[in-house]
Amino acid sequence: MLKSLKRIFELYDEILSLPHKQEVARELRDEDDLFLLLIYSDMLGIPNPAFYYTLELYPYIIEKFHDWHLRMGMEKSPLEGIRCC
């Protein structure tokens with residue numbers, strides 16, 4: 001009984017959130033794009049006062065860089081130090 005009630009609540013939640021899943025995914029992708037721009041801004045020529053602290057994040061986000069620069073409309077990597085294409 002308890003499992004079926006829990007499943008009903010899960011189904012209800014899925015039905016309510018279904019129309020908004022694309023919007024939420026788009027907002028999360030936009031936040032990621034802005035974050036990556038902040039991280040790589042110093043390499044792109046935009047001053048970043050927190051550049052020293054963001055260096056620690058590079059190994060974790062380098063895999064996302066290729067998808068990011070393609071979404072931003074850059075055919076090739078704009079950074080000389082990072083070759084992904």
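- Of the candidates Lys21, His20, Glu27, His20 is the only one forming a side chain to side chain contact (heavy atoms under 4.5 Å, CB included) with Glu23.
- Interatomic distance, NE2 of His66 versus CZ of Arg71, reported as 11.0 Å (0.5 Å rounding).
- Of the inter-residue distances, the one linking Lys6 atom NZ with Leu11 atom CG reads 14.0 Å to the nearest 0.5 angstrom.
- Distance check, rounded to the nearest 0.5 Å: CZ of Phe35 to OG1 of Thr54 gives 8.0 Å.
- Here Leu36 contributes atom CG and Lys64 contributes atom NZ; the two are 6.5 Å apart, rounded to the nearest 0.5 Å.
- Atom CD of Glu14 has more than 12 neighbouring heavy atoms from other residues, nucleotides or ligands inside a 6.0 Å radius.
- Under the 4.5 Å side-chain heavy-atom criterion for Ile, Leu, Val, Met, Phe, Trp and Tyr, Leu57 and Leu38 are members of distinct hydrophobic clusters.
- Asp33 CG to His69 NE2: the interatomic distance, rounded to the nearest 0.5 Å, is 12.5 Å.
- Other residues, nucleotides and ligands contribute over 12 non-hydrogen atoms within 6.0 Å of the CD atom of Glu10.
- The shortest non-hydrogen separation linking Asp42 to Asn48 is OD1-N, 3.9 Å.
- Connection of Trp68 to Ile61 is established within a shared hydrophobic cluster, with ILVMFWY side chains joined at heavy-atom distances below 4.5 Å, either directly or through further cluster members.
- Residues Asp13 and Phe9 form no side-chain contact, since every pair of their non-hydrogen atoms from C-beta on lies 4.5 Å or further apart.
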